[in-house]
Amino acid sequence: MPNYHLLDFKAFGDLRGSLVSLESQKNIPFDIQRIYYIYDTKRDVPRGSHAHRDLEQVLVCVNGSCKVKVDDGQIVGVFELNTPEKGLYVGKMLWREMFDFSQGCVLLVLASAHYHPEEYIRDYDDFLKEVSGS
Ligand code: T46
């Protein structure tokens with residue numbers, strides 16, 4: 001089983017619009033320690049291209065759309081995020097890339113830990129070695 005999957009969020013919609021609530025250990029499968037958002041992106045300029053040794057995240061496209069490629073060293077999944085009602089859970093030790101950003105894309109990210117730049121793996125070959133245990 002790959003360590004990534006889509007999450008469905010319940011939207012509370014009425015004549016005024018819609019609301020989605022995200023809560024630690026309820027519809028988000030970890031304690032949220034950090035929230036950041038990515039915006040003002042360019043369609044042809046991918047982001048990411050790294051892995052995390054010890055971080056779990058949920059990515060939600062709250063406006064527009066983008067694609068996310070996740071790679072566990074064996075299986076590669078590509079997801080289009082185009083609704084605030086779905087999130088992509090990205091577990092530990094996964095190479096990720098975000099690309100094909102639409103105009104106005106806003107990607108909200110919930111993370112299980114504070115920002116620790118030293119736990120990033122930024123070289124794909126190093127990632128493959130670590131993930132295969134070699
Ligand atoms: C990930 C994908 C989905 C901070 O100072 N604090 C933070 O919490 C983050 C996430 C970044 N930064 C700084 C570090 C860089 O100077 O913001 C700048 C841009 O970060 P980065 O190049 O890592 O951004 P992305 O879009 O390539 O990757 C980010 C996350 O870093 C990463 O964890 O999984 O979004």
Side-chain angles (χ1 to χ4, degrees):
M1 266 286 274
N3 197 14
Y4 51 82
H5 53 265
L6 284 172
L7 302 170
D8 283 309
F9 302 133
K10 180 173 169 49
F12 297 91
D14 58 33
L15 291 176
R16 299 167 299 166
S18 299
L19 182 153
V20 171
S21 168
L22 305 176
E23 296 185 78
S24 295
Q25 304 294 0
K26 289 194 172 172
N27 53 358
I28 299 299
F30 51 76
D31 286 328
I32 301 163
Q33 296 289 332
R34 177 167 51 112
I35 298 172
Y36 59 93
Y37 40 92
I38 295 170
Y39 60 102
D40 220 3
T41 47
K42 312 280 175 289
R43 180 177 287 278
D44 298 330
V45 184
R47 301 186 63 111
S49 294
H50 51 244
H52 291 282
R53 293 189 177 90
D54 197 23
L55 183 72
E56 296 169 86
Q57 301 193 108
V58 171
L59 281 58
V60 187
C61 201
V62 292
N63 193 59
S65 66
C66 71
K67 291 184 182 144
V68 185
K69 185 161 83 177
V70 268
D71 173 357
D72 66 5
Q74 293 189 316
I75 302 169
V76 177
V78 179
F79 297 87
E80 178 163 20
L81 300 181
N82 55 15
T83 167
E85 296 176 17
K86 280 189 195 298
L88 178 64
Y89 170 77
V90 180
K92 300 175 186 181
M93 285 305 280
L94 293 167
W95 193 262
R96 82 282 320 271
E97 183 178 316
M98 300 86 79
F99 61 105
D100 264 5
F101 296 97
S102 72
Q103 198 172 7
C105 174
V106 180
L107 184 64
L108 177 73
V109 183
L110 312 177
S112 65
H114 290 201
Y115 180 58
H116 297 300
E118 68 282 0
E119 68 87 43
Y120 282 60
I121 306 172
R122 299 183 186 278
D123 180 89
Y124 188 67
D125 290 334
D126 290 345
F127 164 70
L128 287 180
K129 276 186 211 148
E130 278 198 42
V131 82
S132 67
S134 61

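Counting starts at 1 for both ligands and their atoms, in listed order. All values below were derived from every heavy atom in this structure, side-chain atoms included, with hydrogens, water molecules and symmetry-related copies excluded.
In terms of protein heavy atoms, atom 20 (O) of ligand 1 is closest to Arg47 NH2, 4.4 Å. In terms of protein heavy-atom proximity, atom 11 (C) of ligand 1 is nearest to Tyr115 CE1, 3.8 Å. Nearest protein heavy-atom contact of atom 8 (O) of ligand 1 is Arg34 NH1, 2.5 Å. Counting protein heavy atoms only, atom 1 (C) of ligand 1 is closest to Tyr36 OH, 3.2 Å. The single protein non-hydrogen atom nearest to atom 33 (O) of ligand 1 is His52 NE2, 2.6 Å, given as residue, atom name and distance. Among protein heavy atoms, atom 27 (O) of ligand 1 sits closest to Gly48 N, 2.8 Å. Closest protein heavy atom to atom 31 (O) of ligand 1: Tyr120 OH, 2.5 Å. The protein heavy atom nearest to atom 32 (C) of ligand 1 is His50 NE2, 3.0 Å.
Panel note: side chain Arg34, backbone Ala113; a donor-acceptor pair is recorded below 3.5 Å. Of the possible polar contacts, one joining the Asn27 side chain to the Ser21 backbone as a donor-acceptor pair under 3.5 Å is found.
Close contacts of ligand 1 with Gln57, meaning ligand atoms under 4.0 Å from a residue heavy atom, involve 1 (C), 33 (O), 34 (O). Close approach of ligand 1 to Arg96 is summarised as follows: ligand atoms under 4.0 Å from at least one heavy atom of the residue are 1 (C), 34 (O). Residue contact check: Ile38 has heavy atoms under 4.0 Å from atoms 26 (O), 35 (O) of ligand 1.
For Tyr36 and Tyr115, the ring centers sit 6.0 Å or farther from each other.
With a 6.0 Å radius and a threshold of 12 heavy atoms from other residues, nucleotides or ligands, Tyr124 has its OH atom above the threshold. Surrounding CD of Gln74 are at most 12 heavy atoms belonging to other residues, nucleotides or ligands under 6.0 Å away.
When every heavy atom of Ile32 is checked against every heavy atom of Glu23, the shortest pair comes out as CD1-C, 4.4 Å. Of all non-hydrogen atoms in Phe101 and Cys66, the two that sit nearest each other are CD2-CB, 3.5 Å. Minimum heavy-atom separation, Asp31 to Gln25: OD1-CG, 3.4 Å. When every heavy atom of Arg53 is checked against every heavy atom of Glu118, the shortest pair comes out as NH1-O, 3.5 Å.
Between Phe79 and Tyr4, the angle of the ring planes goes over 60°, which puts this pair in the perpendicular group of the 30/60° scheme.
Remark: distances from the non-hydrogen atoms of His114 to ligand 1 are all 4.0 Å or more.
Residue contacts with ligand 1, taken as heavy atom pairs separated by less than 4.0 Å, do not involve Leu107 at all.
Considering backbone and side-chain atoms together, Arg122 places no N or O closer than 3.5 Å to any N or O of ligand 1. For a threshold of 3.5 Å applied to N or O pairs, the pair formed by Met98 and ligand 1 contains no separation below that value.
The presence of a protein heavy atom under 4.0 Å from atom 18 (C) of ligand 1 is ruled out.
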